[in-house]
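See structure below.
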Amino acid sequence: MEVRYIPGTIEPKWQAIWAANPALYAAEPASGPNASTKPKYYVLEMLPYPSGQLHMGHVRNYAIGDALARYMGMQGYNVLHPMGWDAFGLPAENAALKNNTPPRQWTLQNIAAMKRQMQRLGLAYDWANEVTTCLPDYYRWNQWFFLRMYERGLAYRKQSKVNWCNLCATVLANEQVIDGCCWRHEDTPVELRNLEQWFYRITAYAQELLDGLDHLPGWPEKVRTMQRNWIGRSEGTEVDFGVEDFPEEKIRVFTTRVDTIFGATSVQLAPEHPLVEKLIAGNSALADAVAAMLDEQKRAREAGDLGAVEKQGIALGSYATNPYSGERVPIWVANYVLMEYGTGAIMSVPAHDERDFEFAVKYGLEIRKVIEPIIKSVKTDESVALPFISEDGLLVNSGTYDGLSCETAQKKLQAVAAAAGFGEAKITFRLRDWGVSRQRYWGTPIPMVNCPEDGLVPVPDNQLPVLLPEQIEITQEGGSPLSRVSDFLHTTCPKCGGPARRETDTMDTFVDSSWYFYRYTDAQNSNAPFDPAVAKYWFPIDQYIGGVEHAILHLIYSRFWTKVMRDLRLIVNDEPATRLFTQGMVIKDGAKMSKSKGNVVSPDDMIARYGADATRMYSLFAAPPDRDLDWQEDGVAGISRFLSRVYRLVMRFAPIALVGAGKRREAAPAGVSLALLRKLHQTIAKITQDFSGRWHFNTTIAAIMELVNELFAAESSLATGEVSPAVVGELLRSLVLLLAPLAPFLSQELWAELGGKGEVFKQPWPVSDTALAREDEIEIPVQVNGKLRAVVRVPADADKAALEAAALSDAKVQEWLAGKTPVKVILVPGKLVNLVVK
RNA sequence: GCCCGGAUGGUGAAAUCGGCAGACACAGCGGACUUAAAAUCCGCAGACCGCAAGGUCGUGGGGGUUCAAGUCCCCCUCCGGGCACCA
């Protein structure tokens with residue numbers, strides 16, 4: 001009777017054996033008497049939020065990372081492959097409200113459940129260095145870093161706008177604002193309130209974060225572009241315009257095109273600009289108009305479609321003075337000018353800016369051309385239409401600057417402004433400082449105390465961690481939950497010992513994920529976030545793998561944190577990861593899997609039906625890892641069938657392989673043996689290459705399938721002894737080793753069946769014998785006028801002359817040549833022949 | 001609007017450096033085994049014409065470079081993603 005492949009019995013068996021020996025997945029130490037002598041390799045998958053359930057996107061992410069980790073281990077690297085939990089965040093509070101379960105309990109239960117799923121999947125994680133961000137031994141270091149940043153002026157407090165729901169009487173996270181309304185009160189528009197918030201000064205590193213992108217060739221171009229746009233550097237000039245009737249006031253504008261300043265026919269202020277109030281004082285009609293504009297803008301901002309609002313302006317009846325020309329231009333308030341960018345004021349040059357043009361046309365403002373385009377073609381005598389945006393021109397109507405190129409004029413105008421003290425060259429970034437305050441419970445408490453005597457006082461290091469209180473009633477009423485916990489709120493001032501109040505904001509969860517991968521190198525350390533020597537050994541991460549949805553926030557915060565830690569002299573690397581890989585989404589029926597679409601496929605369900613190996617392997621087979629993957633259950637069944645074929649093949653011939661164990665294979669294999677060994681060594685070469693960077697595991701698996709198909713086709717030769725037991729052994733053992741990174745359970749089972757000792761993933765990766773892999777005869781396509789007409793068999797090393805002779809002697813080729821002699825013969829040895837006839 | 005991706009059989013895809021388009025699978029069809037089914041095994045399978053041999057066409061559309069284009073260049077359409085009043 002034929003043995004059957006039953007993953008449901010094989011997989012749990014090995015899972016239990018491996019779980020009992022956690023050292024199997026541990027990296028060798030970085031230093032000390034047992035220090036590793038191997039090269040290091042740090043492979044990291046983005047840590048999940050412990051929602052309680054893995055989804056297919058996770059499975060795909062971890063299947064990629066695990067295949068790589070196992071492969072690199074077999075290649076002789078000292079591999080660090082850790083896992084942890086991004087465990088703070090709002091869902092735990094929501095669950096607490098809904099089920100009356102404390103957030104900590106809910107989170108830890110979810111972690112346990114997901115860890116079981118990961119182990120069931122056979123993922124080779126070093127659980128000894130597991131990191132759970134909601135536990136004090138981790139978040140105390142968030143607080144420690146906060147204090148270091150505070151000392152250096154990198155953490156600071158300022159007024160900022162937050163989302164506020166009046167009915168809930170609390171601040172909402174951005175995610176809780178749905179179409180401008182509260183998620184719990186659908187008819188209640190969210191307000192923007194000004195509150196004191198904590199910020200991390202990421203802008204201090206803006207230039208370095210930008211420059212660093214040029215030195216990350218191992219990151220996808222897409223991610224680098226997104227970060228560049230996000231940082232948004234622009235070079236320009238700040239210029240002070242004078243204000244008529246207010247000699248003490250200046251309007252400082254930011255422009256990238258100071259060369260067009262003689263064409264400025266108005267100055268535009270953001271509605272929130274501090275000067276607006278002064279200029280409208282005593283004029284209630286103007287005040288009402290500005291208030292209405294602010295109101296509309298606020299609503300648009302809350303609804304998230306600020307860009308859709310029509311451009312509007314209000315002429316204030318006041319005038320500004322162009323410092324270069326002394327010209328008097330009207331001051332307007334415009335709703336498209338952003339207070340948060342530049343200086344909150346612009347000069348409007350309708351002739352050379354699209355938006356200014358649109359605005360000037362609408363309100364009948366003067367459009368004055370000050371750049372004459374350099375017309376390249378003499379034939380074009382009609383003037384170029386305005387607005388003319390390009391810098392490819394010369395200045396006109398610009399006083400003494402006429403005739404200068406745009407570039408020269410910019411430099412000259414900057415120099416004049418700087419000398420006269422009314423302006424300067426300025427680089428502006430779109431990037432803003434990182435607001436880390438959250439008026440939520442389930443996060444890292446910010447380690448600051450507010451003392452009536454001493455003001456803001458940092459909690460001393462030796463009083464860390466500031467523990468998050470466990471017994472807390474979570475409600476949606478009354479603002480920050482921690483402010484209602486009396487024991488937490490009331491404390492003593494570290495400086496004067498008098499009564500004081502704690503900061504009740506907690507940190508954004510992106511803080512947790514900004515440095516967790518450093519903690520993995522030394523997760524047990526209770527004296528420091530990690531040992532710098534150990535981090536130096538492991539960093540930078542050799543390969544980071546995750547979804548592209550983290551291209552900006554997480555990956556820019558992580559880079560920022562790395563630079564801060566470097567400046568704290570904790571690490572020596574400038575960037576966290578040398579290589580980044582962003583995997584595609586998992587799609588089903590044309591849409592991303594989601595509960596609302598009802599197209600979610602549960603990993604547990606797949607594992608129960610087809611096994612972990614088949615589920616993992618399908619997620620690698622269905623598409624190259626960087627592309628979106630269309631989940632088709634029939635495909636999983638197909639992989640399961642393939643694994644079953646492998647199982648039957650190896651089980652059938654394992655007894656023969658065992659006979660050949662330890663025996664040397666014949667020196668010059670021939671016939672079927674040679675053909676099979678050749679295919680094997682070609683497959684080894686192909687897969688080794690796939691793993692070395694291209695990562696097209698779909699073709700890796702296809703290559704193994706081809707090998708297995710050939711072995712099945714030669715089944716009778718294997719059975720009759722035509723192929724020697726030594727060769728059978730080599731074929732089967734190598735096959736199992738090739739599968740080891742992809743199907744860990746099945747390959748382990750078969751490795752044991754073949755008499756292998758220990759763990760299959762601890763064996764050295766097979767090496768391709770190039771001599772054996774080489775074909776001695778190959779088929780060469782022969783084209784006549786670029787069309788395939790024949791295929792000829794020639795020795796693999798046939799030179800051009802031999803190729804030509806073989807092609808010309810072919811009967812079909814002769815027929816197509818019809819007696820003519822080729823005018824041109826293209827000979828590509830090893831590839832093809834093309835005969836060109838007229 | 002701007003910036004990235006992508007488009008190849010009925011389906012997922014392959015073709016890594018310009019050299020046989022469709023490997024490997026899925027679904028399908030035909031056959032073997034079976035009382036039957038499942039499982040397994042063998043075979044067919046881009047479209048069109050043809051009994052066949054074979055031929056013609058064919059990688060979103062149009063043009064170009066080349067002996068040769070899915071691949072390179074120019075223009076366009078559609079789909080997905082990111083950013084978006086950034087001065």
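Naming: A, B, ... by sequence-line order, numbering from 1 per chain. Keep in mind that this is a model prediction, so the values were computed, not measured. Note: hydrogens, waters and symmetry copies are ignored here, and every other heavy atom, side chains too, is used.
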Task: Residue pairs, two or more places apart or on separate chains, that pass side-chain hydrogen bond (donor to acceptor under 3.5 Å, both in side chains) and touch residues 787-806 of chain A - done: A:Glu777-A:Arg793

TODO: Could you tell me whether A:Gln783 contacts a base, only the sugar-phosphate backbone, or nothing, with contacts defined as non-hydrogen atoms closer than 4.0 Å?
DONE: base

Task: Euclidean distance, atom NZ of residue A:Lys831 to atom P of B:A15 [Å, nearest integer] - done: 13 Å

TODO: Name the residue closer to the 5' end of RNA chain B, choosing between A:Ala622 and A:Phe712 according to the nucleotide with the nearest heavy atom.
DONE: A:Ala622

Open item on the list: Categorize A:Gly638 for me: base, sugar-phosphate, or nothing, with a 4.0 angstrom heavy-atom threshold over every strand shown.
Closed with: sugar-phosphate

Open item on the list: Check for me whether the distance between the ring centres of A:Phe422 and A:Phe241 falls short of 6.0 Å.
Closed with: no

TODO: Taking only the side-chain heavy atoms of A:Thr256 (C-beta and beyond), determine which of B:A14, B:A87, B:G19 contains the nearest atom.
DONE: B:A87

Open item on the list: Counting the benzene-type ring for Trp, do A:Phe510 and A:Trp434 have ring centres under 6.0 Å apart?
Closed with: no

Task: Pair A:Gln207, A:Arg233: side-chain N/O donor-acceptor within cut-off below 3.5 Å - done: yes

Open item on the list: Which nucleotide, if any, forms a Watson-Crick or G-U wobble pair with B:A47, using both distances under 3.5 Å?
Closed with: B:U56

TODO: Please evaluate the base of B:U56 for a donor-acceptor partner in the side chain of A:Lys787 within a cut-off of under 3.5 Å?
DONE: no

- [ ] Remember a base hit wins even if backbone is also touched, and classify A:Trp816 as base, sugar-phosphate or nothing at under 4.0 Å, heavy atoms.
- [x] sugar-phosphate

Open item on the list: Distance alone, cut at 3.5 Å: any donor-acceptor contact between the side chains of A:Asn229 and A:Arg430?
Closed with: no

Task: Nucleotide paired to B:C20 in any strand shown, Watson-Crick or G-U, under 3.5 Å - done: none

Open item on the list: Does A:Gln268 reach a base, just sugar-phosphate, or nothing at all? Heavy atoms under 4.0 Å.
Closed with: nothing

Open item on the list: Going by purine N1 to pyrimidine N3 plus the second Watson-Crick contact, or the G-U wobble pair, all under 3.5 Å, which nucleotide sits opposite B:G1?
Closed with: B:C83

Task: Whole-Å P distance, B:G12 and B:U34 - done: 39 Å

TODO: Identify whether any heavy atom of A:Val825 sits under 4.0 Å from a base atom; if not, whether one sits that close to sugar-phosphate; answer base, sugar-phosphate or nothing.
DONE: nothing

TODO: Please report, rounded to the nearest Å, how far the P atom of B:A27 is from the CD1 atom of A:Ile639.
DONE: 12 Å

- [ ] Determine whether the side chains of A:Tyr341 and A:Ser234 contain a donor N or O and an acceptor N or O closer than 3.5 Å.
- [x] yes

- [ ] Find which nucleotide of RNA chain B each of A:Thr255 and A:Asn709 is nearest to by heavy atoms, and output the residue with the more 5' nucleotide.
- [x] A:Asn709

Task: Distance in angstrom units between A:Lys222 NZ and B:C2 P, rounded - done: 18 Å

Task: Base paired to B:U40 (Watson-Crick or G-U; both N/O distances under 3.5 angstrom) - done: B:A32

Task: Spatial distance of atom CE (A:Met347) from atom CD (A:Gln268) [nearest 0.5 Å] - done: 12.0 Å

Open item on the list: For B:C67, does the base pair up with any side-chain atom of A:Asn834 as donor and acceptor (N or O, under 3.5 Å, distance only)?
Closed with: yes

- [ ] Check every strand shown and say whether A:Arg789 touches a base, only sugar-phosphate, or nothing at a heavy-atom separation below 4.0 Å.
- [x] sugar-phosphate

TODO: Assess whether one donor atom and one acceptor atom, taken from the side chain of A:Lys311 and the base of B:C85, lie less than 3.5 Å apart.
DONE: yes

Open item on the list: Ring centres under 6.0 Å, that's the criterion: do A:Phe642 and A:Phe621 meet it?
Closed with: no

Using a cut-off of under 3.5 Å, enumerate the N/O to N/O pairs linking the protein to nucleotides 8-11 of chain B.
residue	atom	partner	partner atom	Å
B:U11	O2'	A:Gln632	NE2	2.8

